[in-house]
**Student:** 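Handing you this structure, nothing more for now.
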2 protein chains.
Amino acid sequence: MDSTVRLSDVAKRAAVGVGTVSRVLNGSANVSAATRQKVLDAIAELGYVPNLVARSLAANRTGLIAAIIPVIGYTQHSEVIQGMTDVLHAHGMNLMIGASGYSDQVELQVIEAFLARRPDAIYVTGVRHTEAVRSTLQRSGIPVVEGSNLTDRPIDTVVGYSNFNASVDLTRLLIDRGYRRLWHVTVTRDFNDRIDDRLAGFRWVTSTETELTADVIRCENSFDGGAEAVRLAMASNIRVEAMTFATDVMAVGGLLECQRRGINVPAQLAIAGFDDLTIAASINPSLTTIKVDRVDLGRKAAEIIVNRLQGNDQTSRIVDVGFQVVERESTRRL
Amino acid sequence: MDSTVRLSDVAKRAAVGVGTVSRVLNGSANVSAATRQKVLDAIAELGYVPNLVARSLAANRTGLIAAIIPVIGYTQHSEVIQGMTDVLHAHGMNLMIGASGYSDQVELQVIEAFLARRPDAIYVTGVRHTEAVRSTLQRSGIPVVEGSNLTDRPIDTVVGYSNFNASVDLTRLLIDRGYRRLWHVTVTRDFNDRIDDRLAGFRWVTSTETELTADVIRCENSFDGGAEAVRLAMASNIRVEAMTFATDVMAVGGLLECQRRGINVPAQLAIAGFDDLTIAASINPSLTTIKVDRVDLGRKAAEIIVNRLQGNDQTSRIVDVGFQVVERESTRRL
DNA sequence: ATGAAAGCGCTAACAG
DNA sequence: CTGTTAGCGCTTTCAT
């Protein structure tokens with residue numbers, strides 16, 4: 001356990017060369033069983049712990065993966081990280097994490113700071129980045145995985161789902177259920193490509209259909225923001241039958257405001273969200289939303305990275321993990 | 001930007017020695033303004049990015065901090081990480097993160113894997129660890145910060161709040177409000193020192209007071225688990241006036257079950273939680289709970305680490321960030 | 001199958 | 001103030 005024990009100490013104790021110890025450590029086949037055992041014994045007796053910093057420098061490979069998400073404290077993003085660490089840990093790799101705070105400038109800073117640590121690969125949230133970020137990432141020469149959305153022009157590889165298509169399907173569900181006066185609630189700050197595509201999906205569907213009214217408002221991405229949106233809708237002279245919120249957080253806030261005001265959901269107002277937070281299934285009425293297995297998304301991202309690093313050639317640069325429209329009580333016509 | 005540019009290339013270009021470049025990079029005072037400028041120009045022209053792996057090996061200091069939390073996808077823990085990264089990033093340090101999954105064995109594995117990477121310090125969630133974890137951490141020789149609870153016998157330093165005292169204060173509030181038939185709902189799996197202390201606080205208060213009945217049940221730590229607890233309470237022939245849940249997740253689940261069953265909270269049943277998730281303030285009725293600024297807890301933990309690494313002697317090994325009892329509608333007597 | 005030796009890119013004395 | 005030199009602990013040829 002003593003970290004002052006070095007590989008050369010092990011070699012001395014086992015009466016072999018340092019190269020041999022290194023081979024044992026790295027599972028090289030070219031070591032006789034007897035020698036291997038001698039080395040393993042010496043390692044155990046000395047409580048030797050390899051210094052991965054030195055290995056990183058010599059082998060030009062750190063076993064560190066960098067991940068950048070907008071905010072670490074938001075469950076949608078940290079679930080992805082959970083999935084990544086699960087897989088990486090099983091492969092002896094570790095995860096460095098940083099937050100961009102939805103700022104392009106901070107994102108670039110964090111990326112540059114990470115690259116100086118020579119990670120073996122890097123994960124970034126989202127698919128639309130500044131040119132500076134794109135080129136920095138490209139020149140880094142390491143695998144880059146973009147996540148949580150889809151694009152046909154990834155920097156390198158993307159693993160996600162189509163926020164646009166999900167929004168389209170969700171909006172169509174509402175139309176199928178007979179709702180004709182639709183509002184979409186998007187966010188004021190913290191705007192990003194996922195949110196943008198959800199808005200775009202709503203606009204695209206509603207623009208092609210006739211006999212519809214479709215409006216868009218912006219609120220803060222919070223429970224209070226969602227409540228505010230409902231108040232705006234009620235106070236407006238534009239009729240509204242159904243509201244799709246860009247996030248479950250806002251949708252739940254809207255739902256709770258309806259409870260307070262005695263607005264019957266969905267009879268008087270239908271509500272749909274996006275993300276399938278755990279509360280969505282439990283709240284009254286339960287919330288119609290878009291479900292994505294984010295932990296699995298993280299796992300897939302890590303698997304792609306591990307495969308790439310092992311030289312297994314990736315078949316596809318675009319991995320669609322899909323989504324699911326979950327219809328619950330908040331939009332169900334009686 | 002080319003990562004094949006080395007410090008020696010910069011030195012050559014600036015026509016100085018490698019030592020001088022290193023001094024400029026590390027902000028040593030012993031460099032003349034003119035020389036410094038020459039070096040900075042060369043760095044800019046070459047797009048040099050220092051290799052922090054090499055620096056780590058030479059300086060015997062990585063600038064990496066390791067953090068272990070039970071589950072990354074749970075907001076309570078990832079908020080702490082958010083606070084840590086905020087501070088660490090400002091000091092040029094980065095965070096490696098790992099999950100223990102509430103398992104002692106996994107925790108030890110993750111810690112050992114991290115130590116091989118020679119982090120400058122390590123953060124672990126909770127204050128009660130196996131002897132193997134304690135000794136491994138102690139022998140590592142680096143600052144160890146335990147978080148999210150308090151103990152008078154930390155491995156090294158602890159930054160947190162007293163889960164025991166918080167539970168005591170919350171239980172007393174219920175008693176002050178006139179509730180006499182109390183139930184505490186604790187968790188089945190994922191038991192840990194924070195949950196244990198919340199239970200102990202409840203038991204301690206209720207055992208000293210007379211004219212009280214106090215019972216404890218266990219449920220799964222989820223919305224459904226909380227709902228189940230309410231169903232058990234209603235079906236029981238033991239009277240219950242107020243329920244304190246070990247977590248807000250369970251409390252919210254219980255509250256939603258009351259909504260479904262038409263149980264008036266708090267008139268028929270008072271409910272209190274623990275953690276102050278954002279939903280607690282928005283739900284109907286709003287939830288009485290214990291509030292802790294977890295992002296700030298993370299910041300403080302990182303500040304302690306940064307200070308220790310800079311040699312600033314820590315005054316206290318025990319940092320209490322406090323908690324707040326937030327009384328809301330779910331326990332308020334009309 | 002194994003030992004010896006040459007770095008990996010940087011920091012930190014040590015001289016001057 | 002600045003250049004030179006000796007490592008940091010490991011991997012990886014290259015011989016043998």
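The sequence lines fix the lettering, A, B, ..., with proteins before strands; numbering per chain opens at 1.
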**Student:** Given atom CZ of A:Arg55 and atom C1' of D:dC8, what is their separation to the nearest angstrom?
**Tutor:** 16 Å

**Student:** Would you mind telling me which of C:dA1, D:dC1, D:dC10 lies closest to the side-chain atoms of A:Leu7?
**Tutor:** D:dC10

**Student:** Can you tell whether the side chains of A:Arg13 and A:Asp9 come within less than 4.0 Å, N to carboxylate O?
**Tutor:** no

**Student:** Which of the following nucleotides, D:dT2, C:dT2, C:dG9, is nearest to the side chain of B:Thr20?
**Tutor:** D:dT2

**Student:** Could you tell me whether A:Asn51 contacts a base, only the sugar-phosphate backbone, or nothing, with contacts defined as non-hydrogen atoms closer than 4.0 Å?
**Tutor:** sugar-phosphate

**Student:** Would you indicate what B:Ser56 reaches in the nucleic acid, counting non-hydrogen atoms under 4.0 angstrom: base, sugar-phosphate, or nothing?
**Tutor:** nothing

**Student:** So that I can tick it off, tell me whether B:Asp293 and B:Arg299 are bridged by a salt bridge, with the cut-off set at under 4.0 angstrom between side-chain N and carboxylate O.
**Tutor:** no

**Student:** Do any N or O atoms of the protein come closer than 3.5 Å to N or O atoms of nucleotides 12-16 of chain C, and which pairs are they?
**Tutor:**
from: C:dA13; atom 1: N6; to: B:Arg23; atom 2: NH2; distance (Å): 3.3

**Student:** For the pair A:Lys38 and A:Asp41, find out whether any cationic side-chain nitrogen is under 4.0 Å from an anionic carboxylate oxygen.
**Tutor:** no

**Student:** Name the residue from B:Ile155, B:Val133, B:Val144 that meets the side-chain contact (heavy atoms from CB on, under 4.5 Å) definition with B:Gln138.
**Tutor:** B:Ile155

**Student:** With a non-hydrogen cut-off below 4.0 angstrom, is A:Ala15 in contact with a base, only sugar-phosphate, or nothing?
**Tutor:** sugar-phosphate

**Student:** Is the backbone of B:Asn192 close enough, under 3.5 Å, to the side chain of B:Asp196 for a donor and an acceptor to pair up by distance?
**Tutor:** no

**Student:** Which word best sums up how the rings of A:Tyr102 and A:Tyr74 line up, parallel for under 30°, tilted for 30 to 60°, or perpendicular for over 60°?
**Tutor:** tilted

**Student:** Give the rounded distance in Å between these two atoms: CG of A:Asn30 and C1' of C:dG3.
**Tutor:** 14 Å

**Student:** C:dA1 P sits how many Å from A:Arg36 CZ, rounded?
**Tutor:** 10 Å

**Student:** Rounded to whole angstroms, how far apart are CG on A:Leu52 and C1' on D:dC8?
**Tutor:** 15 Å

